[in-house]
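For reference, the structure is listed below as structure tokens.
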Amino acid sequence: MNRILAVAEYIFKQSFRNRILNVLIIFAVFAAMFSLAISELAQEAEVKMVMDFGLFAIEIFAFLTLVLSMTIQIFEETELKTLMVIMVKPIKRSEYLIGKYLGVITTVLMNLLVMTAVVMLVVKLKGGDPWDIKMLTSILYSYMGICVLAATAILLSTVSTTVPSWVIYLFFVYALGHLTVHLKNLVKDSAGAALKTIVDFIYYVVPNLELFNLKDKLNSTGGIFEPKYLLLVFGYGILYIVVSLAAACFIFDEKEF
Amino acid sequence: MVILKRTALYFALNAAFAIMCVMNFLATNDLKTIQPAWYFLSRHSYGNFGQIAAVSFGYRPLLADVDYISMLQYYGDPAGAQDGHKRMLGCLNAITDAEPDFTFAYTYGAAILAFNLKRYDEAISIIQKGISFNPSFWKLRFYLGAIIYSKKGDTLKLTGLLEEALKFSDHPAVIERMLGNIYEISRTPDETAQYWVMIFRTTKDAETRKYSSERLKSIIASGRLKYPSIILKSL
């Protein structure tokens with residue numbers, strides 16, 4: 001456990017040592033504050049607009065932080081060969097991967113907390129409730145979705161050979177993850193069995209990120225924020241992370257360098 | 001021993017994957033039960049690429065917000081006034097197609113269409129669309145009543161409904177101006193002036209605050225107030 005935490009700490013510090021990531025965090029804070037300017041245009045719907053734009057900025061910058069911090073890690077491991085130095089140390093490959101995962105999601109969490117504080121401040125300035133339970137729940141589930149995506153990213157990093165291919169795969173998973181529910185709905189009445197099988201495969205293998213997307217249901221009069229649904233999605237998220245990381249560890253153990 | 005360990009791991013992974021699939025299925029089913037039919041993409045919904053892209057990445061409200069700002073700019077643009085804001089209903093439909101539970105867009109849009117542009121049928125159609133997507137949001141039925149009374153010219157019943165509407169914290173500011181204009185015809189200058197003072201103090205809309213101040217100045221300047229000192233004191 002100590003070895004895993006040591007790797008996580010190293011990855012976390014390494015991410016913040018990198019200037020590009022810091023610039024991204026500054027941009028993220030500015031984006032959240034930019035919602036103040038946007039809301040000036042939104043006569044009588046300022047609070048809604050500040051929340052919508054803030055939640056959008058939080059998720060998109062959390063995703064970009066994940067992509068950037070992992071790109072830096074993978075680049076250093078493969079191009080600068082830092083992985084070789086780590087492999088000769090008394091640490092299991094699986095411990096390294098799990099530590100890396102924890103380091104990355106802690107980096108994203110730091111960014112997310114800073115942005116959440118800014119969004120709450122902006123909402124307060126606009127006369128809204130900064131402790132709105134729906135808003136905070138949707139931020140929590142956005143983070144959960146990013147954690148699931150990070151586990152997928154770790155798995156993809158073990159199978160992809162270059163950094164650009166890994167980035168392309170991840171963007172593809174992000175878009176497809178939001179679409180799986182809709183794709184399943186679209187092919188529901190389709191006669192093509194092959195198409196249905198392909199969509200089913202995508203639906204079960206790709207992370208279903210739409211389940212974590214509560215930010216576009218803040219005004220919903222339905223019971224999307226009910227504990228039963230939230231617990232089910234939380235359980236799904238945890239299981240997806242466990243399965244992805246276990247598969248990643250399995251592949252990484254077999255990999256020859 | 002290693003083979004045994006690996007086999008156990010393999011089976012554990014498969015079991016976890018199976019449970020995960022079941023949970024995914026159950027959560028999606030919950031989503032389908034909770035969310036209305038419009039939530040999911042279908043062959044008949046979402047007429048433009050912007051909406052499909054917004055749905056794909058889960059940013060539907062952001063698209064509705066952009067459409068809302070466009071609608072406000074169109075409504076405030078003098079060029080739009082020249083053609084009587086013909087595209088107003090189209091703008092409102094674009095907003096509510098992107099986010100059908102943006103309830104303020106229905107009340108705000110319908111109030112503008114009915115009370116400012118006097119296009120009652122369009123106002124009724126947008127309110128009815130709101131009711132069909134948000135059946136439990138009872139305020140829409142209330143606004144529908146006000147629009148129908150306004151269409152029929154039943155000022156008494158309309159005034160009663162608008163006074164009730166003022167009690168909701170999320171009423172559109174156009175209601176405040178509309179009620180004030182009715183008071184100017186049906187009530188004494190003192191009562192009307194007191195109403196404008198109240199609106200000046202409580203409205204959240206800067207434009208309405210400016211409008212109420214102008215109306216107050218106009219009433220005071222006309223010299224029709226019986227007790228001007230009361231109004232001036234309350235200012």
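Residue numbers begin at 1 in each chain, while the letters A, B, ... track the order of the sequences. Below, each value reflects all heavy atoms present in this structure, side chains not excepted, and no hydrogens, waters or symmetry copies. What you are looking at is a predicted structure, and each value in this text was computed from that prediction instead of being measured.
Residues A:M49 and B:Y68 approach most closely at CE-CD2, 3.6 Å, considering heavy atoms. In terms of heavy-atom proximity, A:L232 sits nearest to B:A27 at CD2-N, 3.4 Å. When all heavy atoms are compared, the tightest approach of A:K215 to B:P61 is O-CG, 4.0 Å. The two residues A:Y174 and B:Y59 make their nearest non-hydrogen contact at OH-OH, 2.9 Å.
For the options A:D216, A:V233, A:V242, heavy-atom pairs under 4.5 Å to chain B are most numerous at A:D216. The greatest number of non-hydrogen atom pairs below 4.5 Å with chain A, out of B:T28, B:I19, B:L9, is found for B:T28. Heavy-atom pairs under 4.5 Å with chain B peak, among A:V205, A:N213, A:L209, at A:N213.
Residue contact with chain B, scored on non-hydrogen atoms closer than 4.5 Å, involves the backbone and the side chain of A:L179 alike. Only the side chain of B:L72 comes within contact range of chain A, with heavy atoms under 4.5 Å apart.
Residues B:L31 and A:Y229 form a side-chain contact, since some pair of their non-hydrogen atoms from C-beta on lies under 4.5 Å apart. Side-chain contact between A:E226 and B:D30: absent, with no pair of heavy atoms (C-beta onward) separated by less than 4.5 Å. A 4.5 Å side-chain heavy-atom check between A:Y240 and B:N24 finds every atom pair outside the cut-off. Looking at A:F53 and B:L62, their side chains come closer than 4.5 Å, going by heavy atoms from C-beta outward. Looking only at side-chain heavy atoms (C-beta outward), B:D65 and A:K48 come within less than 4.5 Å of each other. With a 4.5 Å cut-off on side-chain heavy atoms, B:Y10 and A:F250 do not count as touching.
Counting non-hydrogen atoms of neighbouring residues, nucleotides and ligands closer than 6.0 angstrom, the CZ atom of B:F168 exceeds 12 such neighbours. Residue A:Y169 places its OH atom among 12 or fewer non-hydrogen atoms of other residues, nucleotides or ligands, all under 6.0 Å distant. Counted within 6.0 Å of NZ on B:K32, heavy atoms from surrounding residues, nucleotides or ligands total more than 12; the atom is thus considered enclosed. Atom OH of B:Y74 is surrounded by more than 12 heavy atoms from other residues, nucleotides or ligands within 6.0 Å. Within 6.0 Å of NZ in A:K92 there are 12 or fewer heavy atoms belonging to other residues, nucleotides or ligands.
Here the CZ-OH distance, from B:F17 to A:Y204, works out to 9.5 Å after rounding to the nearest 0.5 Å. In this structure, B:M23 CE and A:L231 CG are separated by 8.5 Å, a value rounded to the nearest 0.5 Å. The CG atom of A:L239 sits 7.5 Å away from atom CE of B:M20, with the distance rounded to the nearest 0.5 Å.
By a heavy-atom distance cut of under 4.5 Å, A:F56, A:E59, A:I60 are the residues of residues 55-63 of chain A near chain B, going up by number.
Remark: B:T107 pairs with B:F104, B:L140, B:Y143, B:P172 by the side-chain contact (heavy atoms from CB on, under 4.5 Å) rule, at least two apart or across chains.
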